[in-house]
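Quick note on labels: first sequence line is chain A, next is B, and so on, each numbered from 1.
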There are 2 protein chains.
Amino acid sequence: MGADTRRATIVDVAAAAGVSTTTVSHVLTGRRPVAAATKARVEAVVADLDYRANASARHLRTERSGILALVVPDLTNPFNSAMAAGLHETVLPSGYLAVVGEAPEPGAPLSGVLRQLLDRGIDGMVLGRFGASEADIDSVAASGTALVRLGGPLGSGRGDVVRANEVQGMFDIVDHLVHRGYRRIAFADGPAGSSPGGERQRGYEQALRDAGLPVRDDLVVHTAYTREGGVRAAEALLAGPGPIDAIACCNDLIAVGVLDVLRARRIGVPGDIAVTGYDDIEAAELMSPALTTVLNPAREIGRTSARMLLDRLDHGYTGPDRETILAHRIVARDSA
Amino acid sequence: MGADTRRATIVDVAAAAGVSTTTVSHVLTGRRPVAAATKARVEAVVADLDYRANASARHLRTERSGILALVVPDLTNPFNSAMAAGLHETVLPSGYLAVVGEAPEPGAPLSGVLRQLLDRGIDGMVLGRFGASEADIDSVAASGTALVRLGGPLGSGRGDVVRANEVQGMFDIVDHLVHRGYRRIAFADGPAGSSPGGERQRGYEQALRDAGLPVRDDLVVHTAYTREGGVRAAEALLAGPGPIDAIACCNDLIAVGVLDVLRARRIGVPGDIAVTGYDDIEAAELMSPALTTVLNPAREIGRTSARMLLDRLDHGYTGPDRETILAHRIVARDSA
DNA sequence: CTGAAAGCGCTTACAG
DNA sequence: CTGAAAGCGCTTACAG
């Protein structure tokens, strides 16, 4: 089909159909009724010439870019790529393109990626869980970009929020540990002040309190959300002030690192120390021992975020900011 | 910081700097020398007004979209998301946006995603390894979009190719099995006729031949590139015509499924049957037994693809199509 | 039910 | 070394 011939424009279509470009445009957008016969004629020409509107021209005129973005700290994290997949599949049928950005330095002031995305005039943005500063969030919100945040407080004018109930999720899995008889439960948290680390820590502490167990600062250690972070956390905890019999980790990647250390030191899991994760990445059930964790429906979070964006962009929703909470589920395997 | 004030345009900058928009444009693009003093003045105003060019307007005028795309069959596959990350990080500093698309039905004629991307006038595209039809590839090439393919034959005018040496990679790992004493080595391939399944199968067969081992059709089974595919492959192989002592899998996900079946049937790995994968996804070393596999540098493949695209788009390369081959590496762990 | 025309914000021959 | 002006391909008041 037409190799290097110039792509048809709306003018070509109008000429071939014997109507004005105005009418062609209205047939295409459906924004004004067009006589059935005219409409049919235009549509035939559109098919014949294989006409498709030039996105740049349309967006210049409508002041929309037709681009949605997801910004996460690490695209390699399976949780994030599953989310990206959910966003893509939901958004494409509506004609949007979804761009995924890795924010290289979480928390850097309006970091490069965010800035570049905003410069592009993206229509909507899903801001992943990481240390985006308040100022950054404000910038995005102020730019008129529809915003969905994955976590953080729901505050008017700062975007919709999609989240799993992080507090409850960590509460449930620590409760699971308590019911299995573990008493000296440490917590390998994400970086101090980060999300979802903060929420998960609250769940951890609440579960201890409800069980009548002491909440001890020296049993909580902060680290990066990575396998290496888990290694450091385990080493710190093992060198800590007293014996522990379980380590609840803030995510699966941290749990992987913790298990590395325990395996290397020949500490039995869950016999000597139980370990739990959070997220249920694919590797969780492949590991030895298989990881007991909390399933966060990543792909569904992506889909839901997409729908909330489309609600505002295409379906005319202009009400107050909304929060959607997705159910989590404890996946009990062998590590706890 | 201007919350909802109208974004500055090139006209605003020109007025404030007391020059024409022509000059502002040239300061911005660097496509024409501008007197140092004038340039400094314009740059000061740009910074002051926080001016950034409207991407849609620029692209409408230049007939470029500034968007690059990566199309893969499954974004959830860690190999693909690592590749996507490499593409992103390389391309963003040059001002391009990278879009990732999941082709829902591999091999469907110019499937929805591909079509939509082409309609957007994307400047370049990386076409992942899956059953894109020849016609599809021709369509992309003919559209004037810079094209990089991940695998497949290098043919002039059909885009650059970035690949690992699949034949050699599978040869090496099957050779590894041979050297460990395995003799009845089966092959759990991807779908018949798919890439990189075909190349890997050739490496498998060559290694057997070089070792003086028979190449038997009934030891090769075709399946999907997924864990479930691996389950089916293992069941077929185990129900097959004769005993086997090793299963070389076409990728890690297949190997995971194979290990599922062997574990369930209490068949020792690698004692009774050795298993190898391909890709070295993160889970490979977390599994039990840890998977012996071939490392394909996914992120580096993404980076290299990006550089080849940028070469044509921004650096004026107009020579013949090129092929870049990246080194692989055998990662020997416990499963073989 | 339909059209003529302005204009979105850029870049780039053309001219001096 | 710099500018006036055309034009990229759309959409949308305005008018009939």
Side-chain angles (χ1 to χ4, degrees), chain A residues 5-43 45-46 49-67 95 118-123 144 313-314, chain B residues 5-43 45-46 49-67 95 118-123 144 313-314:
Chain A
T5 51
R6 191 179 57 86
R7 196 166 136 175
T9 73
I10 199 172
V11 174
D12 301 325
V13 175
V19 297
S20 70
T21 59
T22 304
T23 296
V24 175
S25 177
H26 283 125
V27 169
L28 261 28
T29 63
R31 243 184 282 279
R32 183 168 89 175
V34 175
T38 313
K39 189 173 172 188
R41 200 145 30 93
V42 169
E43 280 167 347
V45 173
V46 164
L49 299 183
D50 194 25
Y51 169 78
R52 284 147 292 142
N54 177 309
S56 294
R58 172 173 285 174
H59 296 140
L60 172 58
R61 186 52 229 242
T62 58
E63 300 186 317
R64 290 278 197 102
S65 65
I67 300 177
L118 252 28
D119 288 0
R120 279 274 180 164
I122 56 167
D123 298 336
L313 260 17
D314 288 359
Chain B
T5 50
R6 189 180 59 85
R7 196 166 136 175
T9 72
I10 199 172
V11 174
D12 301 325
V13 175
V19 296
S20 70
T21 60
T22 304
T23 296
V24 175
S25 176
H26 285 124
V27 168
L28 261 28
T29 64
R31 242 184 283 279
R32 182 167 91 174
V34 175
T38 313
K39 188 173 171 187
R41 199 146 31 93
V42 170
E43 280 167 347
V45 172
V46 165
L49 298 184
D50 194 26
Y51 168 78
R52 284 147 292 142
N54 177 309
S56 294
R58 173 172 284 175
H59 295 140
L60 172 57
R61 186 52 227 240
T62 58
E63 300 188 315
R64 290 277 197 104
S65 65
I67 300 178
L118 252 26
D119 288 2
R120 279 276 180 163
I122 56 167
D123 298 335
L313 261 17
D314 288 358

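A donor-acceptor contact shorter than 3.5 Å is absent between the side chain of Arg41(A) and the backbone of Val19(A).
A straight line from CD of Glu63(B) to P of dC10(D) spans 11 Å, rounded to a whole angstrom. Look at NE2 on His59(A): it is 9 Å from P on dT11(D), rounded to the nearest Å. To the nearest angstrom, C1' of dC10(D) lies 13 Å from CG of Asp12(A). Taking atom CZ of Arg52(A) as the reference point, atom C1' of dG9(D) lies 15 Å away to the nearest angstrom. We find that NZ of Lys39(A) is positioned 11 Å from P of dC1(C), with the value rounded to whole Å. Per the geometry, CD1 belonging to Ile10(B) stands 11 Å off P belonging to dG9(C), to the nearest Å. One atom, CG of Leu60(A), and another, C1' of dA6(C), lie 13 Å apart when rounded to the nearest Å. Here dC1(C) presents its C1' atom at 12 Å from CZ of Arg41(A), a figure rounded to the nearest Å.
No side-chain heavy atom of Val45(B) sits under 4.5 Å from any side-chain heavy atom of Val42(B). Using a 4.5 Å heavy-atom threshold, the side chains of Leu28(B) and Val13(B) count as separate.
Counting only residues at least two apart or in different chains, side-chain hydrogen bond (donor to acceptor under 3.5 Å, both in side chains) contacts with residues 19-29 of chain A comprise Ser20(A)-Thr23(A), His26(A)-Arg32(A).
Taking Asp314(A) as the reference, nothing meets the salt bridge (charged side-chain N to carboxylate O under 4.0 Å, His left out) condition, with sequence neighbours excluded. Looking at residues two or more places apart in sequence or on another chain, you find no side chain to side chain contact (heavy atoms under 4.5 Å, CB included) involving Arg61(B). Partners of Arg52(B) by side chain to side chain contact (heavy atoms under 4.5 Å, CB included), not counting sequence neighbours, listed by chain and number: Arg115(A), Asp119(A), Arg7(B), Asp50(B).
When the nucleotides dC10(D), dC10(C), dG3(C) are ranked by their closest atom to the side chain of Ser20(A), dG3(C) comes out on top.
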Each nucleotide N or O in nucleotides 12-16 of chain C that has a protein N or O under 3.5 Å away: list the pair and distance.
from, atom 1, to, atom 2, distance (Å)
dT12(C), OP2, Arg31(B), NE, 3.0
dT12(C), O4', Arg61(B), NH2, 3.1
dT12(C), O4, Thr22(B), OG1, 3.2

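Within the nucleic acid shown, Thr38(A) comes within 4.0 Å of sugar-phosphate atoms alone, with no base atom in reach, counting heavy atoms only. Counting non-hydrogen atoms under 4.0 angstrom, Val11(B) reaches nothing in the nucleic acid.
Thr9(B) approaches Asp12(B) most closely through the heavy-atom pair N-OD2, 2.8 Å.
The phosphate of dG9(C) has neither OP1 nor OP2 within less than 4.0 Å of any side-chain N or O from Thr9(B).
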message = Show me the dot-bracket string of DNA chain C, counting Watson-Crick or G-U pairs under 3.5 Å, with | for pairs to another strand and [ ] for crossing ones.
response = |||.||||||||.|||
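Between the NE2 atom of His59(B) and the CG atom of Asn54(A) there is a distance of 11.5 Å, given to the nearest 0.5 Å.
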